[in-house]
Chemist: 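Here it is, the structure, as structure tokens.
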Amino acid sequence: MYSDQHDIKEKEIFNMKAQQILNDPFLNKGTAFTAEERAQFGLTGMLPPHVQTIDEQVKQAYAQYQSKANMLEQRIFLMSIFNENRVLFFKLFSQHVAEFMPVVYDPTIADTIENYSALYVDPQNAAFLSIDDPDSMKTTLANAADGREIKLIVVTDGEGILGIGDWGTQGVDISVGKLMVYTAAAGIDPSQVLPVVLDAGTNRESLLNDELYLGNRHERVRGDRYYNFVDQFVQTAEDLFPNMYLHFEDFGRSNAANILNKYKDQIVTFNDDIQGTGIITLAGIMGALNISGGKMTDQVYMSFGAGTAGAGITHRIFEEMLQEGLTEEQARSRFYMVDKQGLLFDDDPELTPEQKPFARKRSEFANADELTTLEAAVKAIHPTILVGTSTQPGTFTESIVKEMAAHTERPIIFPLSNPTKLAEAAAADLIKWTDGKALVATGIPAAPVEYNGVTYEIGQANNALVYPGLGLGTIASTAKVLNDEMISKAAHSLGGIVDPTEPGAAVLPPVTKLDIFSQTVANAVAQSAVDQGLNKKPIADVQKAVADMKWEPEYKAL
């Protein structure tokens, strides 16, 4: 079968015109085309005469990258390479992963999303699906795939982008960026991925009034018509790409959990905001407890922010406490959720289905009516873990942090909101306010903190440490579904990596070793799938199956 497909591909390439090859990012090698290839495919004279190696191209591109004035210009430059030559882009990315991550993805991607329509130059092989034209869905997906075997889709509807909200069709950049990380971290073949945006409209007035806005210029469609649109997409994608891993990204609070719950037991699907953030936060907590020597079942957990991410993280930590031996009643007694109205109580008629299991009874508190702020809740509850997904900057104040530290020896404090301007606290302040006792992870990259002669490494609760390996392991194992057991194995594979004997040790492994840890996660996830009998195809050697899936950014002979 492979040789037949290979022969067909060779014939297709041979019949392509030179300009088509140069404009195909999956085929283009730029100045690395050999003299023989230039002669064979009609490229003679269309490129400078010197044939460069990929290493020479990488060196040249990196020098150009360094000349850019700021991170936004750097990202635009890198995107131009991405649009022209996938192999070169990922070879360059692989050599500068930690440096490029905040440029290619968060936080710089927020700037490009906000300015997507104004900066638009290329569709980046994405599929743009409109709720106003559902009949074209199959054609659109087939056109975007262009004959490629698609194994991974990242789809967004643009309503809950990062911490910056509803950006409509401009949110497609989040799908593109997420897929870049899948390839850079886990080696998923970029020719087998597809970014998709579901354009159901936008409620952002500035976009609706912007003459340059490229999406549907009407308010978001809700209700049955919206869910039918999503369902049509899922069914169509499944029909076209039967080996697909479907990753939902940055859907709004009112829809994200509903969509995940509908499909998670039917197909191989994943929601990074709900599940991925929960996995990496659990891994960070496990790393923190590895340092402090504390027990998971002794912790008192408080979430500040009860939206999609906050509820998803809370659920994941709750599930871990059950696995550690607590009953549901015992575990629930250790969880508290705080949102804009304060501590969540079960008599609140606006609670979402995801919030209800963790809302408390007013009868538990003598001063329940006063618990309308985070500070009041911290004083009343004395949490040992405080996780922020509120997108409310500076809300982990000095008085709150000191109050928390007064009642627990090693407070675990994770201000996870991003981008940088929305973080609940700065890592340096948390270390200072707790006299070096806080165990900290942030949602954005943070520099090491020098305090009283100790260098504190700050772990980044970056989902990129988890979701690429999770996807690779699931795809490599040919799993029928992605279940909680596989997700738990992913968290455990990361949580035990930190060195608790190192002064100032980070609670999570560094992004600089993203490729290594992605393999660790992939192996654990794939083994779990096989152990549970979820694999569609027989797999004798799990690690070999994972290794065989990995794509390397090297030029192949056309």
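Excluded from the calculations below are hydrogen atoms, water molecules and symmetry mates; all remaining heavy atoms, backbone and side chain alike, are included. By convention here, the first residue in the shown sequence is residue 1.
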Chemist: Which pairs pass salt bridge (Lys or Arg N to Asp or Glu O under 4.0 Å) with one or both residues in residues 200-223, sequence neighbours excluded?
Modeler: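 Output for this query lists Asp157-Arg220, Glu159-Arg222, Asp166-Arg220.
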
Chemist: Inspect the surroundings of NZ in Lys68 and state if more than 12 heavy atoms from other residues, nucleotides or ligands are less than 6.0 Å away.
Modeler: yes

Chemist: Parallel, tilted or perpendicular: which fits the ring planes of Phe270 and His247, with parallel below 30° and perpendicular above 60°?
Modeler: perpendicular

Chemist: Should we say atom NZ of Lys556 is surrounded by more than 12 heavy atoms from elsewhere, each under 6.0 Å from it?
Modeler: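 Yes, because the 6.0 Å sphere around NZ of Lys556 holds more than 12 heavy atoms from other groups.
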
Chemist: Report yes if the side chains of Gln57 and Thr31 come closer than 4.5 Å at any heavy-atom pair, otherwise no.
Modeler: yes

Chemist: Using distance only, find each side-chain donor-acceptor pair of residues 91-101 under 3.5 Å and give its atom names and separation, not counting sequence neighbours.
Modeler:
from, atom 1, to, atom 2, distance (Å)
Lys91, NZ, Glu554, OE2, 2.5
Ser94, OG, Phe90, O, 3.3
Ser94, OG, Lys91, O, 2.7
Glu99, OE1, Tyr62, OH, 2.8
Glu99, OE2, Tyr62, OH, 3.1

Chemist: Sequence neighbours excluded, which residues qualify as side-chain contact (heavy atoms from CB on, under 4.5 Å) partners of Thr420?
Modeler: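 With sequence neighbours excluded, Thr420 shows a side-chain contact (heavy atoms from CB on, under 4.5 Å) to Pro107, Ile444, given in chain and number order.
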
Chemist: So is Arg86 actually on top of Phe82's ring, under 6.0 Å and inside 45° of the axis?
Modeler: yes

Chemist: Compile the donor-acceptor pairs under 3.5 Å between side chains in residues 542-549 and protein atoms, sequence neighbours left out, one pair per line.
Modeler:
from, atom 1, to, atom 2, distance (Å)
Lys544, NZ, Asp548, OD2, 2.8

Chemist: Hey, does Asn216 have a side-chain heavy atom less than 4.5 Å from the side chain of Ser130?
Modeler: yes

Chemist: I need the full list of salt bridge (Lys or Arg N to Asp or Glu O under 4.0 Å) pairs touching residues 224-243, with sequence neighbours left out, sorted by first then second residue.
Modeler: Asp132-Arg225, Asp231-Lys262

Chemist: Taking only Lys NZ, Arg NE, NH1 and NH2, and the carboxylate oxygens of Asp or Glu, determine whether Arg253 and Glu354 approach each other closer than 4.0 Å.
Modeler: no

Chemist: How would you list all residue pairs meeting side-chain hydrogen bond (donor to acceptor under 3.5 Å, both in side chains) that involve residues 469-478, not counting sequence neighbours?
Modeler: none

